[in-house]
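For reference, positions follow the sequence shown, starting with 1.
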Amino acid sequence: MFNKTIRIMECSRIFSLPMTILSWLVIFVFSYLDSGNFLYGIVSLLGLCFAHLGANVLDDYFDYKSLIKQVGFNKFEYLKNSQKTKCRYLVAGIIKPQDLLFLGIMYLLLALLTGIFLYFKCGTGVIYFALIGGIIALVYPFLSRICLSEILVALAYGPALFGGVYYVMIGGYEPEAFWISLPTMFMTVVLLYAHTVMDYNYDKYEGKRTIANSFSSMTKSLFILKVLYIAAYTSLIFLCILDIADWQVLMVFLTLPMAADLYHSLEHFAENPESVPEKKWYHFPMEYRDKLEKSGDACFMIRIYQARNLMIYFSLLFVISIFLSLGL
C-alpha cells in the first residue's frame with residue numbers, strides 16, 4: 001500500500017505542488033488580512049491542488065500517447081536517457097495508461113466537488129473561475145505543444161488562481177487581486193520555462209514546439225528567462241507605486257542570488273547537459289539528491305529543484321512582506 005501511494009505521488013509529479021500551494025498562500029494571506037473567510041480559503045486550496053495534480057497526470061498521459069505514435073519509437077533507447085523523466089513510468093510499464101487516465105479523472109472530479117461546495121457557499125462567480133481552471137487543465141496537454149505552455153500557466157497562476165481565491169474569501173473581485181498575482185505568476189512561469197529549456201532537444205525530437213526551442217540554441221533561449229526575472233522583480237516595485245503594498249515587499253530581492261544561480265546553472269546545462277550543479281548551502285530542500293546522483297538523473301532534476309526552490313523562497317518572502325505591510 002505504501003509503495004503504491006509513493007508511485008501515485010511520483011506519477012502525479014507531487015514535487016511541483018509547492019508552486020500551487022505558495023501562490024495560493026500569497027492571495028490567502030492578502031485576502032485574510034482583508035477580513036476574508038478562512039474556511040473557504042482552505043477549501044479552495046484543496047480544489048487547486050487536485051486540479052494541479054490532475055493536469056500533471058493528463059499532460060503525461062497525452063504526451064505518452066503522442067510519443068508512442070512516432071515512427072521508429074524505441075522504448076529501450078528512450079529509457080536510456082536519464083534526463084527525460086517525463087512519461088518514463090508509462091514507457092517502462094510501471095503503470096498502465098488507462099490507470100493513469102483514471103487517476104487524472106479522479107483528481108479533476110475531486111476538484112469539481114470542492115468547486116460545487118464553494119458554489120453553494122459563495123455564489124455563481126465560482127463557476128466562472130472553475131471553468132477557466134478546468135478548461136486550462138483539459139487543453140494544456142494539446143496547446144502546450146504549440147508554444148502556449150507559458151501563457152496558459154501564467155493565466156492559471158495569475159488571474160484565475162488569485163481571482164478565484166479572492167472571490168471565495170471576500171465575496172467579490174477587485175483589481176488588486178490581479179496586481180498582487182504578478183510577482184509569483186512570473187516566478188511560476190520561470191519554473192516551467194527552466195523545464196522547457198532543458199527539454200529543448202527532446203521537445204524538438206517529439207515534434208513539440210515551445211518558446212524555448214523556437215530559438216536557434218538552448219543558450220539563446222535563456223533570453224526569455226532574463227525577461228521573466230525582470231518582470232517578476234520589477235512588478236514588486238510596481239505594487240509599491242500603486243500603493244497596494246508597502247516597501248517591505250522589496251525584501252523579496254534577497255532571492256536575486258538564487259535567481260542568478262539558476263541562470264548560470266542552466267547556462268552550464270546548455271554547454272554540457274551531463275553537468276551536475278555544485279552543491280550549495282541554499283540548495284534546500286533537495287530531496288533524494290544522493291539517489292539522483294547515483295541514478296544519473298541529477299543533472300536534470302537538481303536544476304528543476306533549483307527553479308522550484310527559487311519560487312518557494314520568493315513566495316515565502318513575498319507572503320511575509322505582505323503580512324508586515326498590511327497586517328501590522
Kindly give the heavy-atom pair with the smallest separation between Leu266 and Ala194, and that separation in Å. CD1-CB, 4.0 Å
Does one hydrophobic cluster hold both Phe186 and Ile230, with members joined at side-chain heavy-atom distances below 4.5 Å? no
Which residues pass the ring pair (Phe, Tyr, Trp, His ring centres under 6.0 Å) test with Trp247, not counting sequence neighbours? none
Partner set under side-chain hydrogen bond (donor to acceptor under 3.5 Å, both in side chains) for His264, not counting sequence neighbours: Glu267
Show me, pair by pair, the donor-acceptor contacts under 3.5 angstrom made by side chains of residues 30-42, not counting sequence neighbours?
residue : atom : partner : partner atom : Å
Ser31   : OG   : Ile27   : O            : 2.8
Asp34   : OD2  : Tyr166  : OH           : 3.2
Asn37   : OD1  : Leu39   : N            : 3.1
Asn37   : OD1  : Tyr40   : N            : 2.9

Just by distance, do the side chain of Thr255 and the backbone of Val252 share a donor-acceptor pair under 3.5 Å? yes
Minimum heavy-atom distance Ala111-Ala51, with the two atoms named: CB-N, 3.8 Å
Could you tell me if the side chain of Tyr202 sits less than 4.5 Å from the side chain of Lys208, heavy atoms only? no
Interatomic distance, CD1@Ile14 vs CG@Asn56, rounded to 0.5 Å, equals 10.0 Å
Side-chain heavy-atom pair Ile304, Met198 within 4.5 angstrom cut-off: yes
Got a second to check how far Leu58's CG is from Leu108's CG, nearest 0.5 Å? 5.5 Å
Using the side-chain contact (heavy atoms from CB on, under 4.5 Å) rule, take Met19 and Ser315 through it: C-alpha gap first, then chi angles, then the decisive distance, then the call. CA-CA 9 Å; Met19 62 190 284; Ser315 301; over 6 Å; no
Just wondering, do Met185 and Leu155 contact through their side chains at under 4.5 Å, heavy atoms? no
Exercise answer: donor-acceptor pairs, residues 168-177 side-chain atoms, under 3.5 Å, sequence neighbours excluded:
none

Exercise: do Asn272 and His268 side chains pair donor with acceptor under 3.5 Å: no
Might you work through the side-chain contact (heavy atoms from CB on, under 4.5 Å) test for Val197 and Leu225, ending with a clear yes or no? CA-CA 9 Å; Val197 166; Leu225 189 62; over 6 Å; no
Pairwise salt bridge (charged side-chain N to carboxylate O under 4.0 Å, His left out) hits with a residue in residues 242-263, at least two apart: Asp261-Lys280
Tell me which one of Leu48, Thr184, Val29 satisfies side-chain contact (heavy atoms from CB on, under 4.5 Å) with Trp24. Leu48
Students often mix this up, so state it plainly: with edges at 30° and 60°, are the rings of Phe215 and Phe223 parallel, tilted or perpendicular? tilted
dist Leu109:CG -> Phe102:CZ (nearest 0.5 Å) comes out at 8.5 Å
Could you give the distance from CG (Leu22) to CZ (Phe318), rounded to the nearest 0.5 Å? 12.0 Å
Atom pairs and distances, side-chain donor-acceptor, residues 116-137, under 3.5 Å, sequence neighbours left out:
none

Can you list every side chain to side chain donor-acceptor pair (under 3.5 Å) pair that touches residues 129-139, not counting sequence neighbours? none
Provide the closest heavy-atom pair for Phe162 versus Ser181 in the form atom of the first, atom of the second, distance. CG-CB, 3.3 Å
Same cluster or not: are Leu256 and Ile312 linked, directly or through other Ile, Leu, Val, Met, Phe, Trp or Tyr residues, by side-chain heavy atoms under 4.5 angstrom apart? yes
Using side-chain heavy atoms (C-beta onward) and a distance below 4.5 Å, is His283 in contact with Asn309? no
Can you list every pair that meets side chain to side chain donor-acceptor pair (under 3.5 Å) and has a residue in residues 209-231, with sequence neighbours left out? Thr210-Asn213, Ser216-Lys220
Do you know which two heavy atoms are closest between Met187 and Ala232, and how far apart they sit? CE-CB, 3.8 Å
Are the side chains of Val153 and Tyr140 in contact, using a 4.5 Å heavy-atom criterion? yes
Starting from the C-alpha separation in whole Å, work towards a yes-or-no answer on side-chain contact (heavy atoms from CB on, under 4.5 Å) for Thr20 and Tyr157. CA-CA 8 Å; Thr20 291; Tyr157 284 88; 2.6 Å; yes
How many angstroms lie between atom CD1 of Ile244 and atom CH2 of Trp179, to the nearest 0.5 angstrom? 7.5 Å
What is the minimum heavy-atom distance between Met251 and Ser321, and which atoms define it? CG-CB, 4.0 Å
Is there side-chain contact between Pro97 and Tyr61, with at least one heavy-atom pair below 4.5 Å? yes
I need the Glu150 CD to Leu148 CG distance, nearest 0.5 Å. 9.0 Å
Hydrophobic cluster membership, with links at side-chain heavy-atom distances under 4.5 Å among I/L/V/M/F/W/Y: are Phe238 and Val227 in one? yes
Could you work out, with ring pair (Phe, Tyr, Trp, His ring centres under 6.0 Å) as the rule, every residue matching Tyr282, not counting sequence neighbours? none
Pairs where residues 300-323 contributes a residue and the test salt bridge (charged side-chain N to carboxylate O under 4.0 Å, His left out) is met, not counting sequence neighbours: Glu287-Arg308
Tyr233 meets the ring pair (Phe, Tyr, Trp, His ring centres under 6.0 Å) criterion, sequence neighbours left out, with Phe253, Phe314
What verdict does the ring pair (Phe, Tyr, Trp, His ring centres under 6.0 Å) test give for His195 and Phe300, after you've listed the backbone C-alpha separation in whole Å, the side-chain angles of each residue and the deciding distance to 0.1 Å? CA-CA 9 Å; His195 195 293; Phe300 183 82; 5.2 Å; yes
Side chain to side chain donor-acceptor pair (under 3.5 Å) pairs touching residues 185-194, sequence neighbours excluded, are none
A side-chain contact here means heavy atoms from C-beta on lying under 4.5 Å apart; do Val190 and Leu262 qualify? yes
Report yes or no: do Thr196 and Asp203 form a side-chain donor-acceptor pair below 3.5 Å? no
What is the minimum heavy-atom distance between Val276 and Ile302, and which atoms define it? CG1-CD1, 4.0 Å
Note, Phe28 side chain near Ser44 side chain (heavy atom, < 4.5 Å): no
